[in-house]
Each structure stands twice: as structure tokens, then as C-alpha cells.
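For reference, the structure discussed in these notes is given below.
Below, all heavy atoms of this structure are taken into account, side chains as well, without hydrogens, waters or symmetry copies.
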Amino acid sequence: MGIASRFKEEKFLVVALVVAVIAYLMEHAVIEMGRGVALIAAVALVGTIVLASIRVAHHAELLAVKVGDPYGTMILTLSAVAVEVIILAIMMSGESSPTLVRDTIYSALMLDINGILGLAALLGGLKHGEQPYNDNSGKTYGVMILTAMGISMIVPEFVPRDKWHYYSAFTIVAMIALYGLFLRMQVGQHSYFFSYSYPRSERKKESPDEHAPDESAAISIATILVGVVIIGLLAEFMSAFMAEGLRDSGAPIAVTAVVVAAISAAPEILTALRAALRNRMQATVNIAMGASLSTVILTVPVMEAIALYTGQPFIMAMTPVQTVMVTITLIAAAINLNDGETNAIEGMTHFILFATFIMLTALGL
């Protein structure tokens, strides 16, 4: 494929890059125009991010088919976490809420498990009935998410403020050790935990796009990385415009965290829903649960390291409402992902929890 054809194929990413350049050149002018203009610009950037995410999701699907699970979905979730870490690091370098990291991780968990997995299981269940997957993956993801959340966002509530740096250093080591072993298990001797053998008659339907060009894995990976960088740039300007647009508006502080979590999850949402509608629930479970785990286990050590370096600790301990919502979510996931099949009822339970999360956020809780 020639250069001109490649640019035409990736027109969404080209448009996103142009918009990022325009946002860079006009950032101060837009902010000086007032809150209304800034908010409109933020919404426009969110739409542009969605366009870029569509291409990232497309190449992630192609890559997943080429290399197979769990490698394809693992690349997608790691890309999403990279976006999230970049956005948080940029936002925390300026003036922002000390609870932004905590609220973003909490929002990402609610979005991934209750939003993505819930909606995918609901729609997939309505279309296909019971959808099979490897129950080892659900159990493994669940217990690791519970452990990581408990260590990093529940226990800190009981750690004295004058000793936070000791526990913060321990948290970094613990998260790295957990993820190191998990990664070795996921791509090594226990990789079968995260894959599912579909009947031969169903395998013909596995390709996400029968008319897609036969692109190499290297091209897909490069496109995903470029897309992630562009999304990160757009998100930086979006956060500045949104902060100005929402200033003194009375909107809950957690709205920013929800937007950041949604941006990082954008490439995953389409892929997960498409997989569920094609009766590929294993990919959906890997994406939703894997993204939740990666968000906690990778974002926490990076942000904790920044806190230790700057000497300004973040507030990582969840509020009582957040703790209750996370507990209910993980208990529901443990029950629903225990038998190797999902259905519309199970999807609906998680989606109602997601709706509850949205309502609580709107109420400022």
C-alpha cells in the first residue's frame, strides 16, 4: 500500500493530528474567549478522540486475530493504560484535585467491568443467549483486581499520614511484583487461561473484517502507538478546555476523572462490543477485566512514584461510597464469571451498577 493510500486509510488519525496542532496553536486564544467557547472546544476534542479511537480499535482487532489471545487484547489494554498514565501525569503536574488519580482509577473500574462488560454481555446475551468463555480468566482477573484494589486504595485509609511514603514505596514494589508474575503467566505456561477454543464451524466468523487489507502486525502495532500518542495530545488540550469550561459551574470534580477514564477506554469499547456481538465473549472478558487490572496495577505504581519524587502524596484511599461500589462490583463479577458463560441477566446486573455509578457521580458522591 502506497503512502497516499495509507494516509487515506488512516484519515481519522490524520484529522486528529491536524486538530491537535490547531488546538496547540489556539489554546490560549480559546481559553481567553470564555467558558462557553472552551466547553465547546472540549466537546469537539472529545469527538475527535473518538474518531482516532475507532482506528486504534480497528488495528487492535486485526492484531488480535493475527497473534491470537491474549496478546492482541493485552496490547490494546496496555495502550489504553499508557494513555491514562500520560494524561494523569500531565494533569497532576499542574493544579488539580489531589483525588484525581483515585477517582480516575475508580471510574475506570466502573466503566470497564460494569459499563463495557455489562453492556457487552447484555447485548451479546440478547443476540446469542449464553456466551461461553474460559472461566479461568474471569477468576484470575477477579482475584488480582481485588488484591490490587485492596492494597492500593482501601488499606491506605488506615495508614498514618506521616508514614505514607513507606507504604507508598511498598505499594510500588507490590504492584510491580504482581504484574510481573501475571504477565509471565498470561503469555507463558498459563496462557490457555485467557483463550477459548470455539467450535470449528464458528472459527470462520472470527475475522473482524473480511475485506480488511492483509496488513502486517508491525503496521498495526505502529498505528496503535501513533494513535495513542495523538489521543494523549488531544486529551491534554481537552482537559485544559474542560477545566476552564466547568470552572465555577458547580459540576462535580469527579466529572474530570470520568472523562479521563472514558478516553482511555474508548479504543476498548468498540472492540469489546463487536467481540460480544460476534459471540466472542473471551475477547470481551480479556479486554474489560484486563483493562481494569492494568489500570490499577500499572497506573498506581507510576503515580505513586511521582508522589514520592515530588513529595506531594495523592489521596488514594477511596471514599465509603466508592468502597461499597467496588465491593459490590467485584462480588457480582466473581459470581457472574464463575461458570464460563455469560447471559443477558448477568450483563444487566453490571449495567445497572454502571448506571448507579453515573447517578452517584452526578450527585457528587
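Looking only at side-chain heavy atoms (C-beta outward), Val259 and Met238 come within less than 4.5 Å of each other. Counting only heavy atoms from C-beta outward, the side chains of Met175 and Ile151 approach each other to under 4.5 Å. Residues Met110 and Leu353 are not in side-chain contact: their nearest non-hydrogen atoms beyond the backbone lie 4.5 Å or more apart. Side chains of Val19 and Phe237 form no contact here, defined as non-hydrogen atoms less than 4.5 Å apart. The shortest side-chain heavy-atom distance between Met325 and Met318 does not fall under the 4.5 Å cut-off. No side-chain heavy atom of Pro156 sits less than 4.5 Å from a side-chain heavy atom of Trp164.
Taking every heavy atom of both residues into account, Tyr106 and Met153 meet most closely at N-CE, 4.4 Å. Closest non-hydrogen pair, Leu109 versus Ser292, comes out as CD1-CB, 3.7 Å. Here the closest non-hydrogen pair linking Phe351 and Gly115 is CD1-O, 4.3 Å. For the residue pair Gly340 and Asp135, the shortest heavy atom distance occurs at N-CB, 3.5 Å. Contact between Thr295 and Ala108 at its shortest, heavy atoms only, is CG2-CB, 3.8 Å. Here the closest heavy-atom approach between residue Ser107 and residue Val258 is recorded as OG-CG2, 3.7 Å.
A distance of 9.0 Å separates NZ of Lys139 from CG of Asn134, quoted to the nearest 0.5 Å. In this structure, Lys11 NZ and Leu51 CG are separated by 10.0 Å, a value rounded to the nearest 0.5 Å. If you take OG1 on Thr356 and CG on Leu365, they are separated by 12.0 Å, rounding to the nearest 0.5 Å. Thr99 OG1 to Met316 CE: the interatomic distance, rounded to the nearest 0.5 Å, is 10.5 Å. We find the OG1-CE distance between Thr104 and Met303 to be 8.5 Å, quoted to the nearest 0.5 Å. Leu178 contributes atom CG, which lies 4.5 Å from atom CE of Met144 (distance to the nearest 0.5 angstrom).
There is no path of hydrophobic side-chain contacts, each under 4.5 Å, that joins Ile315 to Val300. Linking ILVMFWY residues whenever their side-chain heavy atoms come closer than 4.5 Å, directly or via other members, leaves Met149 and Leu181 in distinct clusters. Under the 4.5 Å side-chain heavy-atom criterion for ILVMFWY residues, a single connected hydrophobic cluster contains both Val260 and Ile358. Neither Leu122 nor Tyr133 shares a network with the other; the hydrophobic side chains, linked directly or stepwise wherever heavy atoms of I, L, V, M, F, W or Y lie under 4.5 Å apart, form separate groups for each. Both Val321 and Leu330 belong to a common hydrophobic cluster when Ile, Leu, Val, Met, Phe, Trp and Tyr are linked at side-chain heavy-atom distances under 4.5 angstrom.
A donor-acceptor contact shorter than 3.5 Å is absent between the side chain of Asn114 and the backbone of Thr329. Counting only distance, with no hydrogens or angles, the side chain of Gln131 and the backbone of Ala276 share a donor-acceptor pair below 3.5 Å. Thr319 places a side-chain N or O within donor-acceptor distance of the main-chain N or O of Gln322, the cut-off being under 3.5 Å. Counting only distance, with no hydrogens or angles, the side chain of Arg102 and the backbone of Ala317 share a donor-acceptor pair below 3.5 Å. Here the side chain of Thr284 pairs a donor or acceptor atom with the backbone of Ala272 at under 3.5 angstrom.
With respect to Glu10, the side chain to side chain contact (heavy atoms under 4.5 Å, CB included) criterion is satisfied by exactly one of Val226, Leu17, Val15, Thr223: Thr223. Shown are Glu27, Met33, Arg35; of these, the side chain to side chain contact (heavy atoms under 4.5 Å, CB included) with Ile31 is made only by Glu27. Under the side chain to side chain contact (heavy atoms under 4.5 Å, CB included) test applied with Leu117, the options Leu337, Asp112, Thr342 reduce to a single match, Leu337.
Residues that satisfy the side chain to side chain donor-acceptor pair (under 3.5 Å) test with Ser168, not counting sequence neighbours, are Glu304. Residues passing the side chain to side chain donor-acceptor pair (under 3.5 Å) test with Thr349, sequence neighbours excluded: Asn336. Here Ile22 pairs with Val18, Met26 under the side-chain contact (heavy atoms from CB on, under 4.5 Å) rule; sequence neighbours left out.
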Problem set entry | Check against side-chain contact (heavy atoms from CB on, under 4.5 Å), Met289 and Leu293 | CA-CA 6 Å; Met289 299 297 286; Leu293 177 61; over 6 Å; no

For this session: Dump the intermediate steps for side-chain contact (heavy atoms from CB on, under 4.5 Å) on Tyr24 and Leu233, then the final yes or no.
Result: CA-CA 9 Å; Tyr24 172 76; Leu233 291 174; over 6 Å; no

Problem set entry | side-chain contact (heavy atoms from CB on, under 4.5 Å) evaluation trace for Ile230 with Leu234 | CA-CA 6 Å; Ile230 293 175; Leu234 290 169; 4.0 Å; yes

Problem set entry | Evaluation steps, side-chain contact (heavy atoms from CB on, under 4.5 Å), between Ser137 and Gln282 | CA-CA 8 Å; Ser137 57; Gln282 184 61 58; 3.2 Å; yes

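Crowding of Ile345 atom CD1: a count of heavy atoms from other residues, nucleotides or ligands under 6.0 Å not exceeding 12.
Between Phe182 and Tyr141, the ring planes lie tilted relative to each other; the angle falls in the 30° to 60° range.
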